[in-house]
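Residue numbering restarts at 1 for every chain, and letters A, B, ... go by the order of the sequence lines. Only heavy atoms go into these numbers, but all of them, side chains included; no hydrogens, no water, no symmetry mates.
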Amino acid sequence: MTARGERFDPGSFEQGWRDRWEADGLYRASDDDPRDKHYLLTMYPYPSGDLHIGHWYAATGPDIVARMRRMKGLNVMFPMGFDSFGLPAENAAIDRGIHPAKWTASNIANMRTQFRSMGCMFDWEREVVVSDPAYYRWTQWLFVQFFKAGLAYRAMAPVDWCPKDQVVLAREQVLGTERRCWRCGTTVIKRDLEQWFFRITNYADELLDFTGMDWPEPIRLMQTNWIGRSEGAEIAFPAETPGVEPIRVFTTRPDTVFGATFMVLAPEHPSVAALTTTDRKADVDAYVAAARRETEIERLSTEREKTGVFIGSYATNPMTNERIPIWVGDYVLPGYGTGALMAVPAHDERDYAFAKKHDLPIRYVVQPAGNPAPEGEPFVAHTADEVLVDSGEFTGMPASEAIGAIARSLAERDLGGPAVTYKLRDWLVSRQRYWGAPVPIVYCPEHGAVPVPEDQLPVLLPEDVEFAPTAVSPLQSHEEFLKATCPICGADARRETDTMDTFVDSSWYFLRYCSPHDDQRPWDPEAVAHWMPVDLYTGGAEHAVLHLMYSRFFVKALRDMGHLAFDEPFIALRNQGQILGADHHRMSKSRGNVVNPDDLTSRYGSDTVRLFLMFIGPWDQGGPWNPTGIEGVYRFLARVWGISLPDASAGGDAAGSAAEDAELARALRRATHMTIDEVADDYAGFRFNTAISKMMELANAIVRAREVGLAGQPAYAEAVDTLLLLLAPAAPHMTEELWQRRGHDYSVHQQAWPVADASLTTVDTIELPVQVDGKLRDRLVVTANTPADEIERLALASPRVQAHLDGRAPDRVIQVPGKLVNIVTPGD
RNA sequence: GGGCGAGUGGCGGAACGGCAGACGCGCCGGCCUUAGGAGCCGGUGUCGCAAGACGUGCGAGUUCGAAUCUCGCCUCGCCCACCA
């Protein structure tokens, strides 16, 4: 801090500037702005009560980019809202008797205030709160559109059910590997209930296509793996039992079908009962019942024994025409492929383990070309040079060819053909909870599930509800809510009590931001056409799959219904790292390691906290919280303050000659102009830590310039003004204050981003490292256009190089223009 | 078990085929001061008085040159987890 001039006191001006920006609507994004639109979005938070340091970390990065892009001439929209439906509000209601709406509203009010203290350029006029009926009305409207388009349907699905409380539990309400009810500790069971689904699997293939999307590779990979597309063949194995359909299986290895020596059905497979023979019925029934009870509990374990029972009947291998036994085993998953598989123990590890345990035949039908068939272990390798053995007419054929040939042979006999299957399942959107958007459906005894007419939306959540500790959704016992009439026939009907998964709310909130106050439709098509798609989306990587994939699905589905005219919601995506507690664990209230930014801001100011968070490391990395070092960032800002105050130019002892001063001024100007693009590139690449270090270097250069008496010169003023402009996105308050004090027009945030003067950034002398055998021995200072042979001569003439050459003539000299010289000796 | 990512000073990190340790914290020394937990100046990878040698988890390799590329191993983190 400067000895003269006024002390840096962020508390004296930060709030004032925030009020002014707010009053002036500085960050309001207008639809008719002639500049190019730029939609920058950061994931909205769940209103848990307080903003912690992680929220600051997540929001400051995109705020910097938003501010820079605005200075670069774009019409930036940067909105914020609240993901305000969900379980914690309901838990608060149950535990403390506060109504979820009340609890949520007070949390939002608090967090909104805290958000404002960060000095982000959020356009609060566009705020979206998903638990507001003005929002969920349109969530319901969208459900109806999905229903009409056949993309929302009802089906039986297993749910976690507490037999004591008689209630469906959410996934997070089932605790531990013993799977106990969070409330009463009873062991939870699976129970089939009618649930609502969205048909996301219709879009599996399109969701695999990331063409033109600037997304992190790990996220694309995770979604790709989640969708889990597998190519192979479907093959029908006729069952001997009369009246039973052939058993269809999916396989990625049709080339091994000659080695299929038995079949295994999932316990849930629909043909199990019909295929079970009388003498096996007791065993099979017991096994199926046990598997059903254990679904997911035991199946989670990879290492467990391959259990199963023989069903008593046989099928025919369509290639060998052999009778092969049919088993039931819980390692076969009901939801994947056809829920049945042909077991090829010689070429699949799981089938091999099953065959060994149950003493079933193992037949090798593929082997490495020219090698004997391996014994004692499954041969699963799938490379180019394998051939079929013991496979009838296909014996000797390369495995890669056999895949197609066998599939064709089966297709000719109507016993199969090429097939594709996915791991992706349809999206279960039903939640048996209160605090969510009610599914807008009524059940008519005559017409079944009927959507609520659009002009009767929203289906409001009743407010007069009691939250009993049994955790049963109060909607299920709210007579007035349940009472409905059929929209088709007017008969007495019952209202659906399921609410929607909160991921439904977040699958379209980015559309609502475009026209948040429209009360005639979910969005204004013109506004959406103007702003969408989101140019840059930021958020935590924990949403890699669900939220991001659901949003992509929504956009594609709505496009196909004619509501949208683009394919993807988010062009570019960046993930911030997670700030952990000082104990290296996730911040959570129960651990007591949550860092509240309020203490830090009151002590250092918002700018310092913002800058510190961006300085501690790469933004996408995160890491454990450690406030050590915040002083350094504060000192940096205080130094910027000191060199920028108008009276800073008064000091300095002009000492050098005019020529020396001109050279120093030129060096300062070069440093200034070099920094402009470096900082811009770093900001754009989310490398805020290096951007800040470069601004620190410029500030240090300005301090030195003042010490040598440059403070009164134009180069000094240019350096300071440029530094303030570069720093403005990261430290918006103090740069605004200094900008004003230096006599410039309000606001620094409406200035154009500075342009680097190329004539200043090109260097005329360079320092070249000189290596001997790759080891640094000397440095040469030469003019930038020195010819190569001259550089070589100078390098060889260096006494230090000579010493290391030790009389030897160089073998060769490698020059990387402008980078270095390496002299290679013949020795090695 | 599979996939992805990461290992660099006392610490956060920079460099990402070409000067390892930018920038900052901390620490050491000095200046200023009635005082300093303020500010300013200098130093700070390790060993060594020095010249110099060594140095980016470990081990190989490619290259004139490797923290960076390749292969194998170790450790940590995240995701998926019997997906036929």
Of the options [options], whose atoms approach the side-chain atoms of [X] most closely?
X: Thr628(A); options: C4(B), C25(B), G24(B); result: C25(B)
X: Glu707(A); options: A84(B), A15(B), C40(B); result: C40(B)
X: Asn689(A); options: G18(B), C23(B), A14(B); result: A14(B)
X: Pro618(A); options: G18(B), A14(B), C79(B); result: A14(B)
X: Thr690(A); options: A14(B), C54(B), C79(B); result: A14(B)
X: Met696(A); options: C64(B), A53(B), C23(B); result: C23(B)
X: Thr252(A); options: A84(B), A53(B), C82(B); result: A84(B)
X: Asn700(A); options: C23(B), C41(B), C82(B); result: C23(B)
X: Arg639(A); options: G24(B), G18(B), A84(B); result: G24(B)

Below the 4.0 Å mark, does [N] have OP1 or OP2 next to a side-chain nitrogen or oxygen of [X]?
X: Arg635(A); N: C25(B); value: yes
X: Ser230(A); N: A84(B); value: yes
X: Gln621(A); N: G13(B); value: yes
X: Asn822(A); N: U63(B); value: no
X: Asn225(A); N: C4(B); value: no

Both conditions, 6.0 Å and 45 degrees, for the charged tip of Arg552(A) above the ring of Phe210(A): are they met here?
yes
Kindly indicate whether a cation-pi arrangement holds for Lys306(A) with Phe354(A), taking the cut-offs as under 6.0 Å to the six-membered ring centre and within 45° of the axis.
no
Whole-Å distance separating the [atom1] atom of [X] from the [atom2] atom of [N]:
X: Phe615(A); N: C11(B); atom1: CZ; atom2: C1'; answer: 13 Å
X: Phe688(A); N: A22(B); atom1: CZ; atom2: C1'; answer: 19 Å
X: Ile823(A); N: C64(B); atom1: CD1; atom2: P; answer: 17 Å
X: Lys819(A); N: A20(B); atom1: NZ; atom2: C1'; answer: 14 Å
X: Leu776(A); N: C54(B); atom1: CG; atom2: P; answer: 14 Å
X: Trp215(A); N: C4(B); atom1: CH2; atom2: P; answer: 20 Å
X: Ile616(A); N: C25(B); atom1: CD1; atom2: C1'; answer: 12 Å
X: Leu613(A); N: G13(B); atom1: CG; atom2: C1'; answer: 15 Å

Confirm from the modelled atom types if Lys694(A) and C23(B) form a donor-acceptor pair under 3.5 Å, side chain to base only.
no
Could you measure between the two [atom1] atoms, the one in [N] and the one in [M], and give it in whole Å?
N: G42(B); M: C25(B); atom1: P; value: 14 Å
N: U63(B); M: G9(B); atom1: C1'; value: 28 Å
N: U8(B); M: A15(B); atom1: P; value: 15 Å
N: A20(B); M: G29(B); atom1: P; value: 31 Å
N: C32(B); M: A66(B); atom1: C1'; value: 48 Å
N: C4(B); M: C58(B); atom1: P; value: 24 Å
N: G26(B); M: A60(B); atom1: C1'; value: 38 Å
N: U75(B); M: C40(B); atom1: P; value: 47 Å

Classified by glycosidic angle (syn within 90° of 0, else anti), G9(B) comes out syn
Does the side chain of Thr783(A) come under 3.5 Å of the side chain of Thr786(A) through a donor N or O and an acceptor N or O?
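Short answer, yes.
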Please answer whether the main-chain N or O of Glu6(A) pairs with a side-chain N or O of Trp641(A) as donor and acceptor at a distance below 3.5 Å.
yes
Has the side chain of Asp811(A) got a donor or acceptor atom that lies under 3.5 Å from a matching backbone atom of Val824(A)?
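No, because the side chain of Asp811(A) does not come within donor-acceptor range (under 3.5 Å) of the backbone of Val824(A).
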Nucleotide paired to [N] in any strand shown, Watson-Crick or G-U, under 3.5 Å:
N: G42(B); result: C28(B)
N: G48(B); result: none
N: G21(B); result: none
N: U63(B); result: none

Is the closest side-chain heavy-atom distance between Tyr287(A) and Asp330(A) below 4.5 Å?
yes
Once you apply a heavy-atom cut-off of 4.0 Å, does Arg229(A) come out as touching a base, just sugar-phosphate, or nothing?
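Since no nucleic acid heavy atom lies under 4.0 Å of Arg229(A), the category is nothing.
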Students often get this wrong, so: under 4.0 angstrom with heavy atoms, is Asp811(A) touching a base, only sugar-phosphate, or nothing?
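It contacts nothing in the nucleic acid.
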Which of parallel (below 30°), tilted (30 to 60°) and perpendicular (above 60°) describes Tyr336(A) and Phe250(A)?
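Rings of Tyr336(A) and Phe250(A): perpendicular, as their planes differ by over 60°.
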RNA chain B: 5'-proximal contact among Leu221(A) and Leu820(A) (nearest heavy atom):
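Taking each residue's closest nucleotide, the earlier one in sequence belongs to Leu221(A).
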Pick the nucleotide of RNA chain B nearest each of Ile630(A) and His804(A); which residue has the one closer to the 5' end?
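Here Ile630(A) is the residue nearer the 5' end.
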Show your working on salt bridge (charged side-chain N to carboxylate O under 4.0 Å, His left out) between Asp255(A) and Arg253(A) and close with a plain yes or no.
CA-CA 5 Å; Asp255(A) 53 319; Arg253(A) 295 290 305 277; 3.0 Å; yes
